[in-house]
Amino acid sequence: MSAAEAFTAEGGCTCRAVRYRLTRAPLIVHCCHCRWCQRETGSAFALNALIESRELALLSGQPELVATPSNSGRGQKIARCGACRVAVWSHYGGLGELVSFVRVGTLDEPERFPPDVHIYTESKQPWVVIPAGARAFGQYYQSREVWSAASLRRREALLGRG
Ligand SMILES: [Zn+2]
Ligand SMILES: [Zn+2]
């Protein structure tokens, strides 16, 4: 069995109606310090594990996709448990529903998914200290400069270009 086949991680909402499983390692994990994420989480940043939606298996429940404004102007869809309303993942413009931004804090073992890159650090809370040596960008970045070669290939495959 390859490492990719052996990978699994589960998570869900607070009331446990929604449970899901990642069947592959994330493409990349973002720590986003933008004001929009700060507002939507009520916290200092959002931690999102990007994964192909076909690698995100719903085990129970049926999240409701809530249309929400986004900084890009293209909008986003936030998947929320219909009962407790906790947000479990989002779809953004660009790759749309092909990719899910899973909220790392809803995973059962969030410590397995530290950020690969910090983004929008220009609006980070002043007391948040980015670890020395961490990849960090004032705004966004070019995927080809940050994503692993394997993740870039997975993205191409997702877009039907692989
Ligand atoms: Zn719930
Ligand atoms: Zn953000």
Side-chain angles (χ1 to χ4, degrees), residues 8-23 26-53 55-131 134-148 151-152 155 158:
T8 186
E10 293 187 3
C13 66
T14 296
C15 81
R16 298 185 69 83
V18 171
R19 293 290 297 167
Y20 65 81
R21 176 183 295 145
L22 307 187
T23 56
L27 295 156
I28 193 167
V29 177
H30 283 172
C31 184
C32 185
H33 300 265
C34 83
R35 296 289 182 195
W36 293 70
C37 286
Q38 291 177 16
R39 184 167 50 238
E40 287 158 20
T41 60
S43 186
F45 50 77
L47 264 185
N48 290 314
L50 280 63
I51 184 86
E52 298 96 329
S53 296
E55 304 287 355
L56 173 58
L58 190 61
L59 303 177
S60 68
Q62 185 58 62
E64 183 181 333
L65 285 179
V66 180
T68 308
S70 74
N71 193 23
S72 72
R74 288 180 292 190
Q76 60 175 318
K77 293 174 186 164
I78 301 182
R80 295 181 178 278
C81 169
C84 73
R85 301 282 167 182
V86 163
V88 281
W89 60 79
S90 311
H91 304 292
Y92 288 96
L95 293 169
E97 294 194 25
L98 287 173
V99 170
S100 297
F101 286 58
V102 175
R103 301 209 172 184
V104 171
T106 68
L107 284 156
D108 296 340
E109 300 172 317
E111 68 279 4
R112 289 171 56 195
F113 305 95
D116 296 305
V117 61
H118 293 261
I119 57 175
Y120 292 99
T121 58
E122 65 182 14
S123 53
K124 79 174 180 64
Q125 292 293 300
W127 49 265
V128 170
V129 180
I130 306 293
R135 302 200 78 165
F137 295 86
Q139 296 184 349
Y140 207 66
Y141 62 83
Q142 296 290 324
S143 298
R144 64 180 177 275
E145 294 170 7
V146 175
W147 286 30
S148 69
S151 290
L152 288 169
R155 188 180 67 164
L158 192 61

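Every number for a ligand or one of its atoms is a count from 1 in the order of the listing.
If you check the side chains of H30 and Y120, you find no donor sitting under 3.5 Å from an acceptor.
The Zn ion (ligand 1) forms the vertex of an angle spanning SG of C15 and SG of C81; to the nearest 10 degrees it equals 110°.
More than 12 non-hydrogen atoms from other residues, nucleotides or ligands lie less than 6.0 angstrom from NZ of K124. Other residues, nucleotides and ligands place no more than 12 heavy atoms under 6.0 Å from the CZ atom of R21.
Just one of V102, V117, L47 meets the side-chain contact (heavy atoms from CB on, under 4.5 Å) condition when paired with V29; it is L47.
In this structure, CG in L22 is found 10.5 Å from CD in E52, a value given to the nearest 0.5 Å.
Within the protein, the N, O or S atoms lying under 2.8 Å from the Zn ion (ligand 2) are C32 SG, C34 SG, C37 SG.
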Compile the donor-acceptor pairs under 3.5 Å between side chains in residues 59-69 and protein atoms, sequence neighbours left out, one pair per line.
from	atom 1	to	atom 2	distance (Å)
S60	OG	A17	O	2.9
S60	OG	R19	N	3.4
E64	OE1	R85	NH1	3.1
T68	OG1	V66	O	3.0

